[in-house]
Amino acid sequence: MTDAAALPGQPRGGVLSGPATPRAVNVLAPNPSAMTLDGTNTWILSEPDSDLAVVVDPGPLEERHLRNVVDTAEKSGKRIALTLLTHGHPDHAEGAARFAELTGTRVRALDPALRLGDEGLAAGNVVTVGGLELRVVPTPGHTADSLSFHLPADRAVLTGDTILGRGTTVVAHPEGRLGDYLDSLRRLRSLAVDDGVHTVLPGHGPVLEDAQGAVEFYLAHRAHRLAQVETAVEDGYRTPAEVVAHVYADVDRSLWPAAELSVRAQMDYLEEHGLI
């Protein structure tokens with residue numbers, strides 16, 4: 001058995017649902033798949049002595065899950081006062097409107113189409129609820145509207161799909177842009193190095209105890225894949241499908257359609273930089 005401490009980011013073992021830091025509790029959505037790992041992590045955030053809470057990513061439109069999130073907060077003496085979204089993919093945001101009905105909350109997001117209420121989210125915003133402070137960090141790349149939330153009091157960052165608790169993130173053409181994603185990873189590395197963030201609270205998978213290690217692994221992985229794609233094109237593999245069959249031969253074939261979209265994003269990046 002592999003020691004978790006030896007894995008990228010030092011993933012935390014044990015049950016995924018439940019307390020993760022003094023201010024963060026995870027309620028795992030029942031939507032496991034190859035793309036969502038164990039399911040979507042719905043985060044309840046609050047100061048320990050406050051009766052107000054923020055929920056990040058209510059998850060899919062699954063009534064039992066949404067009510068479970070409300071019940072989990074209420075059992076700990078918390079009232080949900082605000083809903084935030086890391087991005088608009090259905091496994092994170094589809095249940096937001098129904099969740100807003102259940103809780104009477106506004107929904108704040110970068111994408112105006114996902115908001116319920118007048119306030120959105122933008123780089124540099126600081127969200128405060130019941131003494132809790134969250135800093136909005138723009139992390140586009142996986143999607144154009146992807147955000148992360150820095151939780152300074154716990155030296156933690158909620159990363160949505162920008163960094164996962166296991167494996168790596170798909171940056172898929174056309175909504176995914178690799179150049180933006182690499183910039184976002186560097187921004188998260190700065191949070192780890194300059195701001196002391198050590199815990200990653202991801203949108204899927206286990207909590208990571210080594211934020212900098214996770215980011216460095218992601219950057220190295222992307223550099224390696226880019227080099228492979230560049231070499232494949234130079235060797236005559238011209239279409240994304242041809243490159244996938246050559247470069248991703250070790251990946252489950254059921255994931256090749258997603259890999260092909262990822263390769264298209266990588267080829268776009270290489271073309272933009274004059275490398276192919």
Side-chain angles (χ1 to χ4, degrees), residues 29 31 33-37 39-42 56-61 83-97 107-116 120-123 125 136-149 157-188 200 202-205 215 218-219 221-223 225-226 228-230 233 239-241 243-244 247-248 251 254-273 275-276:
N31 61 332
S33 73
M35 298 301 291
T36 61
L37 305 181
T40 300
N41 294 333
T42 294
V56 176
D57 289 352
L61 184 54
T83 302
L84 304 177
L85 298 177
T86 61
H87 65 297
H89 279 167
D91 56 312
H92 293 258
E94 185 183 41
V107 177
R108 296 181 64 182
L110 178 61
D111 184 349
L114 299 171
R115 301 172 189 168
L116 291 174
L121 292 170
N125 284 170
V136 178
V137 182
T139 48
H142 174 68
T143 61
D145 69 327
S146 287
L147 298 172
S148 294
F149 298 103
V157 61
L158 292 88
T159 55
D161 282 355
T162 300
I163 292 180
L164 305 179
R166 186 171 64 251
T168 56
T169 298
V170 173
V171 179
H173 177 88
E175 64 179 343
R177 290 189 57 82
L178 187 55
D180 291 342
Y181 183 70
L182 294 173
D183 287 342
S184 293
L185 290 177
R186 296 181 189 109
R187 193 169 295 121
L188 291 173
V200 174
H204 304 279
V215 175
Y218 267 61
L219 286 167
H221 169 78
R222 288 293 165 188
R225 282 298 194 203
L226 268 174
Q228 287 181 309
V229 170
E230 183 178 0
V233 173
T239 69
V243 172
V244 167
V247 172
Y248 289 75
V251 174
S254 68
L255 299 177
W256 279 17
E260 185 171 332
L261 295 176
S262 176
V263 164
R264 289 185 68 181
Q266 292 176 78
M267 292 175 73
D268 284 349
Y269 175 86
L270 292 168
E271 288 176 359
E272 289 166 5
H273 289 77
L275 299 173
I276 60 173

Pair His92-Asp161, side-chain contact (heavy atoms from CB on, under 4.5 Å): steps then yes or no: CA-CA 9 Å; His92 293 258; Asp161 282 355; 2.9 Å; yes
Taking [X] for the side chain and [Y] for the main chain, is one N or O donor matched with an acceptor at less than 3.5 Å?
X	Y	result
Trp256	Val251	yes
Thr36	Asn31	yes
Arg177	Ala265	no
Glu175	Thr143	no
His173	Val263	no
Asp145	Ala109	no

Quick check for you: to the nearest 0.5 Å, what is the distance between [X] atom [atom1] and [Y] atom [atom2]?
X	Y	atom1	atom2	result
Asp268	Ile276	CG	CD1	8.5 Å
Leu219	Tyr181	CG	OH	8.5 Å
Thr168	Arg166	OG1	CZ	12.0 Å
Arg222	Leu185	CZ	CG	8.0 Å
His142	Leu178	NE2	CG	13.5 Å
Thr139	Asp180	OG1	CG	10.5 Å

Name the orientation class of the two ring planes belonging to His89 and His87 (parallel below 30°, tilted from 30 to 60°, perpendicular beyond 60°). perpendicular
Less than 4.5 Å apart, any side-chain heavy atom of [X] and any of [Y]?
X	Y	answer
Leu85	Asp57	yes
Leu188	Tyr218	no
His204	Asp91	yes
Tyr248	Gln228	no
Leu226	Leu270	yes
Val171	Tyr269	no
Thr83	Arg108	no
Pro240	Met267	yes

Hey, are Ser146 and Thr162 close enough side-chain-wise for a donor-acceptor pair under 3.5 Å? no
Which residue, Thr159, Val136, Ile163, forms the side chain to side chain contact (heavy atoms under 4.5 Å, CB included) with Ser148? Thr159
What are the two closest heavy atoms between [X] and [Y], and how far apart are they?
X	Y	result
Thr42	Gly59	OG1-N, 4.0 Å
Leu110	Ala144	CD2-O, 4.0 Å
Pro140	Pro138	CD-C, 3.4 Å

Does atom CZ of Arg264 have more than 12 heavy-atom neighbours, drawn from other residues, nucleotides or ligands, at distances under 6.0 Å? no
Verify side-chain contact (heavy atoms from CB on, under 4.5 Å) between Val243 and Val233, making sure each step is shown before the conclusion. CA-CA 7 Å; Val243 172; Val233 173; 4.3 Å; yes
